[in-house]
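See structure below.
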Amino acid sequence: MKPIGSTLAYLRKNLNISQRAFKNIKQSTIGNIEVNNTVPRVNTFLDIISELHVSLDEFMFILNGYAYDERTTLFKDVRAMRHSLYAKENVELKQRLEQYIENNPRDMFIQDLKVILDSYIEISESDTYEIDSPKSFAIYDRIEEQKIWTYEQIYVMSKLFYIFPEKRALEIVQRIDKEFVKRK
């Protein structure tokens, strides 16, 4: 992984933008950031990448040598699963999730993704959506209490609702819909 300043310099130069061309940031500030003498404040960093017309996701992709970090790769791989009926084919993905959790035990999102995959595997093996998944219920109980759900939490809830009893599943779907409306 390259330093933030080096990556900003790389992008700026490839776009043929001078350090003086930034509207809201002094040339000296850009220079100090690019030679890694200082780490930009969040707002300054966001202003810079905005003026470079690069999203935060794309910046991180470039920062990581044109690759996604392990967490993002795991999320993309879980999202790419075709259907819960094919979950047995994802033994390697389950092992990668377990390894990541072992190294990052506080990452609740990846732990939640593992519960989703475990639920999919159980659905696949039992050939029914009517499974007993206490870990899924615990996720719902934890996330339900929050006033606002993050994108990751909405995703998790959208992948678990169908194993809940019908009344509770409908409540989850309504809450997911409400959270999406907030983001418009």
Side-chain angles (χ1 to χ4, degrees), residues 1-4 7 42 45-46 49 54-184:
M1 179 187 303
K2 291 191 245 179
I4 290 172
T7 303
V42 173
F45 172 73
L46 294 174
I49 65 171
V54 175
S55 70
L56 180 57
D57 285 341
E58 187 168 358
F59 179 83
M60 294 307 295
F61 182 75
I62 294 166
L63 180 79
N64 286 306
Y66 291 91
Y68 292 109
D69 61 45
E70 183 180 12
R71 185 179 195 271
T72 302
T73 300
L74 287 168
F75 179 39
K76 286 181 174 294
D77 290 349
V78 169
R79 278 192 345 218
M81 285 180 15
R82 295 186 347 218
H83 189 277
S84 59
L85 297 177
Y86 300 98
K88 283 194 265 188
E89 298 170 5
N90 291 292
V91 173
E92 182 264 340
L93 177 56
K94 181 177 178 178
Q95 292 169 344
R96 288 175 36 224
L97 287 165
E98 289 169 346
Q99 182 63 49
Y100 181 89
I101 291 167
E102 186 176 313
N103 295 329
N104 303 277
R106 297 182 63 169
D107 191 329
M108 293 304 297
F109 178 59
I110 299 299
Q111 289 183 38
D112 291 348
L113 292 180
K114 183 180 174 303
V115 170
I116 290 169
L117 182 57
D118 288 342
S119 297
Y120 284 5
I121 290 169
E122 188 173 345
I123 289 166
S124 181
E125 289 172 350
S126 65
D127 201 25
T128 180
Y129 285 98
E130 295 179 19
I131 63 169
D132 183 30
S133 178
K135 289 182 179 181
S136 296
F137 298 148
I139 290 171
Y140 179 76
D141 291 340
R142 183 186 82 237
I143 295 174
E144 178 188 36
E145 296 174 6
Q146 297 176 211
K147 290 183 179 182
I148 298 171
W149 289 354
T150 65
Y151 169 77
E152 291 175 348
Q153 292 166 333
I154 292 170
Y155 177 81
V156 167
M157 298 308 280
S158 74
K159 295 301 178 189
L160 291 177
F161 76 89
Y162 54 82
I163 65 170
F164 285 86
E166 186 176 338
K167 183 177 183 242
R168 197 164 188 196
L170 181 58
E171 291 170 1
I172 294 170
V173 170
Q174 289 170 339
R175 177 73 188 269
I176 291 168
D177 186 52
K178 179 180 165 187
E179 292 298 325
F180 273 122
V181 168
K182 287 180 186 178
R183 282 149 179 79
K184 288 183 181 179

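Owing to the predicted nature of the structure, the values given are computational and were not obtained by experimental measurement. All residue numbers in this chain count up from 1 along the given sequence.
Minimum interatomic distance between Ser126 and Ile131 (heavy atoms only, all atoms of both residues): OG-CG2, 3.7 Å. The two residues Met81 and Leu117 come nearest to each other via the heavy atoms SD-CD1, 3.4 Å. What you find for Leu160 and Phe164 is that their closest heavy atoms are O-CD1, 3.2 Å.
Expressed to the nearest 0.5 Å, how far CG of Asn90 lies from CG of Asp118 amounts to 11.5 Å. Rounded to the nearest 0.5 Å, atoms CD1 (Ile176) and CE (Met157) are 6.5 Å apart. In this structure, CD1 in Ile116 is found 6.0 Å from OH in Tyr155, a value given to the nearest 0.5 Å. Remark: Ile110 CD1 to Gln99 CD distance equals 13.0 Å, nearest 0.5 Å. Here the CD1-CE distance, from Ile62 to Met60, works out to 11.0 Å after rounding to the nearest 0.5 Å. Separation of atoms NZ (Lys178) and CD1 (Ile154) is listed at 11.5 Å; rounding is to 0.5 Å.
Under the 4.0 Å criterion applied to side-chain N and carboxylate O atoms, Glu171 and Arg175 are not assigned as salt-bridge partners.
Using a 4.5 Å cut-off on side-chain heavy atoms (C-beta onward), Val78 and Lys159 make no contact. Ile163 places a side-chain heavy atom less than 4.5 Å from the side chain of Ile123. In this structure, Met108 and Val156 have side chains that are not in contact, with every pair of non-hydrogen atoms separated by 4.5 Å or more. The side-chain heavy atoms of Asp57 and Phe61, taken from C-beta on, include no pair separated by under 4.5 Å. Between Leu74 and Glu70 the shortest side-chain heavy-atom distance falls below 4.5 Å.
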Would you please test Asp107 and Arg71 for salt bridge (Lys or Arg N to Asp or Glu O under 4.0 Å) and show each step?
CA-CA 9 Å; Asp107 191 329; Arg71 185 179 195 271; 2.6 Å; yes
Any chance you could lay out the side-chain contact (heavy atoms from CB on, under 4.5 Å) test for Gln153 and Glu179, step after step, and finish with the verdict?
CA-CA 10 Å; Gln153 292 166 333; Glu179 292 298 325; over 6 Å; no
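Between Tyr140 and Phe161, the gap from one ring centroid to the other reaches at least 6.0 Å.
For Ser119 (side chain) and Val115 (main-chain N/O), a donor-acceptor pair under 3.5 Å exists by modelled atom type. The backbone N or O of Ile121 lies less than 3.5 Å from no partner atom in the side chain of Ser124, so there is not a single donor-acceptor pair. Between the Asp177 side chain and the Val173 main chain, no donor and acceptor come within less than 3.5 Å of each other.
Other residues, nucleotides and ligands contribute over 12 non-hydrogen atoms within 6.0 Å of the CD atom of Gln146.
The aromatic rings of Phe75 and Tyr151 stand perpendicular to each other, their planes meeting at an angle above 60°, with 30° marking the opposite boundary.
When each of Leu46, Asn64, Val54 is tested with Phe59 by the rule side chain to side chain contact (heavy atoms under 4.5 Å, CB included), just one qualifies, namely Val54.
With sequence neighbours left out, Arg168 forms a side chain to side chain donor-acceptor pair (under 3.5 Å) with Asp141. In this structure Lys76 satisfies the salt bridge (charged side-chain N to carboxylate O under 4.0 Å, His left out) test with no other residue, sequence neighbours excluded. Every residue meeting the salt bridge (charged side-chain N to carboxylate O under 4.0 Å, His left out) condition with Asp77, not counting sequence neighbours, appears here in chain and number order: Arg96. Among residues two or more places apart in sequence or in another chain, the salt bridge (charged side-chain N to carboxylate O under 4.0 Å, His left out) test is passed with Glu144 by none. Under the side chain to side chain donor-acceptor pair (under 3.5 Å) criterion, Gln111 pairs with no residue, sequence neighbours left out. Under the salt bridge (charged side-chain N to carboxylate O under 4.0 Å, His left out) criterion, Glu58 pairs with no residue at all, not counting sequence neighbours.
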